[in-house]
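Note that this is a predicted model, so its numbers are computed, not measured.
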Amino acid sequence: MEDHLNFSFSENISSFKLEDFESFETYNEIPIQFDIGKDFFENDHQEKTKKKKKIKLVGCNCMKTKCLKLYCECFANKMYCKKACKCRNCNNCANYDDRDKAVVEAFERNSAAFEHSRYTCTRGCNCKFSECKKKYCSCFLNGISCTAVCTCENCKNIKIR
DNA sequence: GAGTTTGAAACT
DNA sequence: CAGTTTCAAACTC
Ligand SMILES: [Zn+2]
Ligand SMILES: [Zn+2]
Ligand SMILES: [Zn+2]
Ligand SMILES: [Zn+2]
Ligand SMILES: [Zn+2]
Ligand SMILES: [Zn+2]
């Protein structure tokens with residue numbers, strides 16, 4: 001585990017905590033900063049809290065990527081796929097060499113690849129057609145208002161510039 | 001359930 | 001970088 005993560009990326013991933021990565025895989029959970037009303041998550045989400053909160057993914061439906069790219073919500077959230085996933089040809093499992101390689105490749109493409117996801121929404125959105133009022137918009141999906149970091153057009157999600 | 005729309009990720 | 005393609009989820013019917 002440690003080998004493929006450190007590889008030659010010690011600088012890029014210096015802020016990344018390996019132990020977090022491993023625990024996420026083990027428990028299929030991600031810490032999240034705010035409440036989410038999203039079908040992808042199976043748990044209740046009544047309480048709003050600023051603290052980290054663990055949310056369980058229901059599962060992905062990837063057909064073409066073997067769940068080894070950020071298209072896959074499981075992979076993007078540092079989780080293995082699990083029973084609830086309906087993916088085809090899934091390689092996002094423990095002890096798959098392809099999976100280890102894919103993690104490194106994702107770091108290569110973007111050193112912050114695993115610091116953000118659709119479900120943490122830390123980079124804002126770039127919506128063009130949804131007016132940020134549907135779940136196509138990652139801000140709306142997470143139940144938060146668009147902010148100055150968003151570059152959306154015709155935003156109806158309480159944008160403050 | 002099938003087909004369309006959407007915007008991020010990936011690719012060139 | 002920018003433009004294009006690919007992808008899986010969100011959405012519509
Ligand atoms: Zn997947
Ligand atoms: Zn999955
Ligand atoms: Zn999978
Ligand atoms: Zn948006
Ligand atoms: Zn936004
Ligand atoms: Zn917006």
Side-chain angles (χ1 to χ4, degrees), chain A residues 4-5 7-9 11-13 15-16 20-21 24-25 28-45 53-94 96-161:
Chain A
H4 76 261
L5 278 178
F7 205 53
S8 57
F9 299 91
E11 293 179 6
N12 286 347
I13 64 173
S15 63
F16 197 80
D20 288 346
F21 200 101
F24 297 160
E25 288 180 334
N28 280 342
E29 292 172 338
I30 57 172
I32 196 144
Q33 300 279 4
F34 33 74
D35 183 50
I36 288 185
K38 166 69 175 69
D39 296 342
F40 202 73
F41 298 101
E42 67 185 358
N43 72 320
D44 59 311
H45 40 264
K53 173 183 178 184
K54 291 197 170 179
I55 296 198
K56 295 178 181 175
L57 293 172
V58 167
C60 68
N61 299 282
C62 305
M63 292 289 110
K64 311 179 78 165
T65 61
K66 303 178 181 177
C67 300
L68 292 184
K69 297 197 173 172
L70 297 178
Y71 294 128
C72 173
E73 305 296 356
C74 300
F75 184 80
N77 287 294
K78 308 173 229 164
M79 287 177 275
Y80 293 136
C81 284
K82 53 182 185 176
K83 303 174 202 75
C85 294
K86 295 166 185 161
C87 34
R88 180 191 303 178
N89 301 327
C90 182
N91 283 34
N92 184 27
C93 313
Y96 271 52
D97 291 343
D98 284 357
R99 203 260 188 187
D100 294 343
K101 192 184 304 178
V103 170
V104 173
E105 288 170 350
F107 273 117
E108 273 185 320
R109 285 189 291 266
N110 175 10
S111 62
F114 295 100
E115 296 173 14
H116 310 280
S117 86
R118 210 155 160 253
Y119 303 98
T120 53
C121 193
T122 51
R123 284 179 297 193
C125 69
N126 185 35
C127 303
K128 295 283 183 292
F129 303 105
S130 72
E131 300 180 325
C132 303
K133 62 182 186 184
K134 295 180 180 177
K135 289 182 180 178
Y136 294 128
C137 170
S138 58
C139 297
F140 183 91
L141 168 66
N142 287 282
I144 62 174
S145 158
C146 288
T147 68
V149 303
C150 301
T151 54
C152 39
E153 299 177 6
N154 305 316
C155 181
K156 300 284 199 304
N157 192 23
I158 323 176
K159 185 166 207 169
I160 305 160
R161 285 249 181 221

| message | What I'd like to find out is whether the side chain of Cys132(A) reaches to under 4.5 Å of the side chain of Cys125(A), using heavy atoms alone. | response | yes

To the nearest angstrom, how far is [X] atom [atom1] from [N] atom [atom2]?
| X | N | atom1 | atom2 | answer |
| --- | --- | --- | --- | --- |
| Asn77(A) | dA9(C) | CG | P | 12 Å |
| Lys66(A) | dA10(B) | NZ | P | 16 Å |
| Leu70(A) | dG7(B) | CG | C1' | 14 Å |
| Leu141(A) | dA8(B) | CG | C1' | 12 Å |
| Leu68(A) | dA9(B) | CG | C1' | 14 Å |
| Asn61(A) | dA10(C) | CG | C1' | 12 Å |
| Tyr136(A) | dC7(C) | OH | P | 19 Å |
| Met63(A) | dA2(B) | CE | P | 13 Å |

Practice task
Scan Cys125(A) against the nucleic acid and name what it touches under 4.0 Å (heavy atoms): base, sugar-phosphate only, or nothing.
Solution key: sugar-phosphate

With a 4.0 Å cutoff (strictly under), does any side-chain N or O of [X] reach OP1 or OP2 of [N]?
| X | N | answer |
| --- | --- | --- |
| Arg123(A) | dG7(B) | no |
| Thr65(A) | dA8(C) | yes |
| Lys86(A) | dA8(C) | no |
| Arg109(A) | dC11(B) | yes |
| Lys135(A) | dG7(B) | no |
| Asn126(A) | dA8(B) | yes |

Residue set satisfying side-chain hydrogen bond (donor to acceptor under 3.5 Å, both in side chains) with Asn126(A), at least two apart, ordered chain then number -> Lys128(A), Thr151(A)

With a cut-off of 6.0 Å (strictly less than), are more than 12 heavy atoms of other residues, nucleotides or ligands near CZ of Arg88(A)?
no

Distances under 3.5 Å between protein N/O atoms and the N/O atoms of nucleotides 4-6 of chain C, please, pair by pair.
residue : atom : partner  : partner atom : Å
dT6(C)  : O2   : Tyr71(A) : OH           : 3.0

[X] versus [Y], closest heavy-atom pair with distance:
| X | Y | answer |
| --- | --- | --- |
| Phe114(A) | Ala76(A) | CD2-O, 3.8 Å |
| Arg99(A) | Met79(A) | NH2-O, 3.6 Å |
| Cys74(A) | Tyr80(A) | CB-O, 4.3 Å |

Of the candidates dA9(C), dG7(B), dA10(B), the side chain of Glu73(A) sits closest to dA9(C)

Donor-acceptor contact present, side-chain Asn89(A) to main-chain Cys62(A), <3.5 Å = no

